Amino acid sequence: MSAILRVENLVKYFPIRAGVFKRVVAWVKAVDGVSFEVNEGETVGLVGESGCGKTTIGMVLLRLYEPTSGRIIINDDDTTYYFMPTLRARSYIKKTYVDKFNTMLKKFGSKDAVLNALEGVDKKYAEIFFNEVNSSVGKFCSSLLSNIDEKRRQFRKNVQIVFQDPYSSLNPRLRIKSIVGEGPAVHKLVKGEKELIDRVRSVLEDVGISGDYMYRFPHEFSGGQRQRIGIARALALSPKLVIADEAVSALDVSIRSQIINLMKDLQHEHKLTYLFISHDLAVIKYVSDRIIVMYLGKIVETAAKKDLFDNPLHPYTRALMSAIPIPNPNIKKERIILKGDVPSPVNPPSGCRFHTRCYMAQEICSKEEPQMREITPGHWVACHFAK
Amino acid sequence: MEKSPVLSVKNLKTYFYTEDGIVKAVDGVDFDVYQGETLGIVGESGCGKSVTALSILRILDEKGRIVEGQVLLDAVDLTKIDEQEMRKIRGKDIAIIFQEPMVALNPVFTVGEQIVEAIMLHQKVDEKAARVMAIDLLRKVGIPEPEKRIDQYPHELSGGMRQRAMIAMALSCKPKVLIADEPTTALDVTIQAQIMELMKELQREYGMAIMLITHDLGLIAENADRVVVMYAGKVVEYADVKTLFNDPKHPYTWGLLHAIPRLDIEQTRLYNIPGVVPDPLHFPSGCKFHPRCEFKEERCTREEPELIKVGENHTVRCFFWQKVDEAKMRKVGEFM
């Protein structure tokens, strides 16, 4: 399996402005150094409570927010600079690649040694830098920025999102045909009106809506049907990665299971890759292959589904699992009740961010931030005491 | 000895007279609530569970009217008494907490002012004494530094704290019945666990009856003693919690239980209840669940079933509930 998406050290801070001159007085540290991978064809579940930064990650991946720092690599292409203004993009490329390559060149002595030491996207860009453009910074930047419009288009086609609220995410003034058909038309996936209609009809039928409804407006559909239309809109572009941000959270129980089943079926048929963002651990458990647990802007634990549920290592993961009510009155389970509320991401606690609510916290936790450690293969946790 | 219920709802019908027609939001609902016990009311949006709560307290908007039925609190029919007497009951004998504590609390008064008002309305105490009581209540519901918090405005509190303040206010007059309408839906799960734990503790201490209204079957399983399942304004199944979860008889209850993703078992596929919740202006004929039911027969489209007694304290509104039993045998493991 190869990683379709690689996120490295992603940071997103939002400024808080105050006063007459709108000076920045503080930063909301929504996402604070997050790294993970999503492999082709798998579903990665991103779970956490409100304010943990899970939605911000989705928005940053789609570049609806610009990341503060970090890299977003899709299919071995660095896409981080795609939507930056040219000057910023150049300075990003220079800082991220040119400086790194030059420092390495000094250290290793030869271009080949540098190339051997690198892999993935870094190696690819180093080859361009050393071999194609003869270490010219200007040409290197131009090379990466060439065809930027086409690159942006490809990016938009490959990464799609399904939103939480099926009511506000469909334009009420457009017919379903325009909502679902806009993507394929813009990306020139279809030629002419007839092909467009065929395309819209086929995706609508894929999601269980009769193609004859394509001339209706969103208000003529129920919540569940609208969510199907939202999914159809994403699928119409045959994306490589679909980000589902709380895609089933607003739905009633009976409708939710329909949509979850549909998304699983579609994944199978279209070989989709999902990043499934939700606060609901039960939904995440059902849909995901791998799970990432977040708390206050940081990843606290990540593992394959079975490992996570058989052996949760982080105290927050355990508390989260124990807090979810089980629809079975025969089971009486031990509940870990956490103290207090989630702290503000403006002033996150020192050391381990969870220490203020943790039932295992010791002195070290407030002083030192725990690093991610791999306890068993593929099972990573950020806790001083995880074994 | 048979316990007598604190609150008894009999054949309650609440209709909304809208411009588009009559919405039969609650259409003949019966249940009893006993002292010290939690009655769970579960159903999807539009099933009438919240309107039932609003009808009990008579706080419907002007389009809604109770057209039939009784709400008996200690043998007094709340649908018959006048507004002044009803006011004495609201907050004193029956209190309610809502889903969204930000909306339920008045943003321009401090938390303390609102609790003190509730206390002084129903109890003969002066403001000073009421304030002391309010601080005690806030401490009791687990709000740290209640002396400071009491003078804060709702926006200065977090969601969990606001819900705690709501509970404090609801408990201020030691009500006989506490109606909790989706009390934790807007909260994170770790906060939900705190609030539910708090409500259980307070119930043990005060011995009040709780009506827990929610769409979350997990909350029902863990907190309710008896359960009412509602669909399209009617009770479709009524049983004690263990019976309902171990041996559901109505196709809707059975379907719901298999449609939820669960942490306690491995599932390969969730059950699909096909179709959508019906539009309350155009309910289907016969059994209101029949368009979505996999066990339906011709009779279901014509006739509406009555509640049928299928066991000790277990009633079901379905002609063919035996079929669910058969399906259970057949489908065991299929959705597990």
Side-chain angles (χ1 to χ4, degrees), chain A residues 47-52 208 221-225 248 250-262 264-265 278-288 295 305-306 309 316 319-333 335-344 357, chain B residues 42-47 142 144 157-161 184 187-194 196-198 214-225 227 240-246 252 255-267 269-277 279 292:
Chain A
V47 68
E49 295 179 288
S50 45
C52 75
F221 296 91
S222 70
Q225 284 175 314
V248 296
L251 306 173
D252 265 321
V253 180
S254 68
I255 308 300
R256 195 175 62 183
S257 72
Q258 293 172 2
I259 300 293
I260 294 175
N261 282 338
L262 172 72
K264 276 203 141 185
D265 293 343
S278 177
H279 69 282
D280 187 335
L281 197 54
V283 170
I284 288 285
K285 181 193 174 201
Y286 180 69
V287 299
S288 310
Y295 184 78
K305 170 166 71 181
K306 197 169 177 322
F309 280 91
Y316 177 65
L320 197 60
M321 281 182 191
S322 87
I324 292 166
I326 301 288
N328 182 348
N330 308 322
I331 296 179
K332 283 275 169 274
K333 66 173 181 179
R335 176 147 294 164
I336 304 165
I337 306 260
L338 292 179
K339 297 169 288 185
D341 292 310
V342 182
S344 155
R357 301 175 78 202
Chain B
V42 67
E44 296 181 284
S45 45
C47 73
L157 306 181
S158 68
M161 285 299 155
T184 56
L187 306 174
D188 277 321
V189 279
T190 57
I191 309 297
Q192 165 171 290
Q194 294 172 355
M196 292 316 295
E197 190 62 26
L198 171 70
T214 178
H215 67 280
D216 186 336
L217 286 158
L219 275 185
I220 292 283
E222 292 193 355
N223 297 288
D225 298 296
V227 187
D240 69 83
V241 68
K242 286 208 166 153
T243 310
L244 189 92
F245 281 84
N246 295 336
Y252 178 63
L256 271 189
L257 284 173
H258 291 90
I260 41 176
R262 299 169 65 147
L263 287 182
D264 56 331
I265 47 176
E266 288 302 319
Q267 294 157 300
R269 185 133 185 108
L270 300 176
Y271 178 69
N272 254 357
I273 300 178
V276 294
V277 179
D279 172 7
R292 308 179 71 190

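It should be emphasised that the depicted structure is a prediction, and the values quoted were computed from it without experimental measurement. Residue numbers start from 1 in every chain, and the chains themselves are labelled A, B, ... in the order their sequence lines are given, proteins ahead of strands.
In terms of heavy-atom proximity, A:Ile260 sits nearest to B:Pro261 at CD1-CG, 4.0 Å. The heavy-atom pair separating B:Gly218 from A:Pro325 by the smallest distance is C-CB, 3.3 Å. Of all heavy-atom pairs spanning B:Arg292 and A:Ser254, the tightest one is NH2-OG, 2.8 Å. Taking every heavy atom of both residues into account, A:Val253 and B:Glu44 meet most closely at N-OE2, 3.3 Å. Closest of all the heavy-atom pairs between A:Ile326 and B:Glu222 is N-OE2, 2.9 Å.
Most heavy-atom pairs under 4.5 Å with chain B, from the set A:Gly223, A:Gly224, A:Ala282: that is A:Ala282. Ranked by heavy-atom pairs under 4.5 Å with chain A, the list B:Val277, B:Val241, B:Asp279, B:Asp264 is led by B:Asp264. Chain A forms more heavy-atom pairs under 4.5 Å with one residue of B:Val276, B:Leu217, B:Val189 than with any other, namely B:Val189.
Here the side chains of B:Ile260 and A:Ser257 are not in contact, with every heavy-atom distance at 4.5 Å or above. Under the 4.5 Å side-chain criterion, counting only non-hydrogen atoms from C-beta, A:Asn328 is in contact with B:Arg262.
Heavy atoms of B:Asn246 lying under 4.5 Å from chain A belong exclusively to its side chain. With a 4.5 Å cut-off on non-hydrogen atoms, B:Glu197 touches chain A through its side chain but not through its backbone. Interface residue A:Ser222: only side-chain heavy atoms are found under 4.5 Å from chain B. For chain B, the nearby parts of A:Leu338 are the backbone and the side chain; heavy atoms of each come within less than 4.5 Å. When heavy atoms are compared at a cutoff of 4.5 Å, B:Leu263 approaches chain A by way of both its backbone and its side chain. Proximity to chain A (any heavy atom under 4.5 Å) is restricted, for B:Gln192, to the side chain, taken from C-beta onward. At a 4.5 Å heavy-atom cutoff, the contact between B:Asp216 and chain A is made by side-chain atoms alone.
Salt-bridge annotation for A:Asp265 and B:Arg269: present, with a side-chain N of the basic residue lying under 4.0 Å from a carboxylate O of the acidic one.
How far CG of B:Asn272 is from CD1 of A:Ile259: 9.0 Å, rounded to the nearest 0.5 Å. Taken to the nearest 0.5 Å, the NE2 atom of B:His215 stands 8.0 Å off from the CG atom of A:Asp252.
Between A:Ser50 and the choices B:Asp188, B:Ile191, B:Leu187, the side-chain contact (heavy atoms from CB on, under 4.5 Å) rule is met once, by B:Asp188.
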Practice problem: Could you go through the side-chain contact (heavy atoms from CB on, under 4.5 Å) check for A:Arg357 and B:Thr190 one step at a time? | Solution: CA-CA 11 Å; A:Arg357 301 175 78 202; B:Thr190 57; 3.2 Å; yes

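Using modelled atom types, no side-chain atom of B:Gln194 and backbone atom of A:Ile337 make a donor-acceptor pair closer than 3.5 Å. Judged purely by atom type and a 3.5 angstrom limit, A:Gln258 uses its side chain to pair as donor or acceptor with the backbone of B:Gly275.
Residues passing the ring-ring contact (aromatic ring centres under 6.0 Å, His included) test with A:Tyr295, sequence neighbours excluded: A:Tyr316, A:Phe354.
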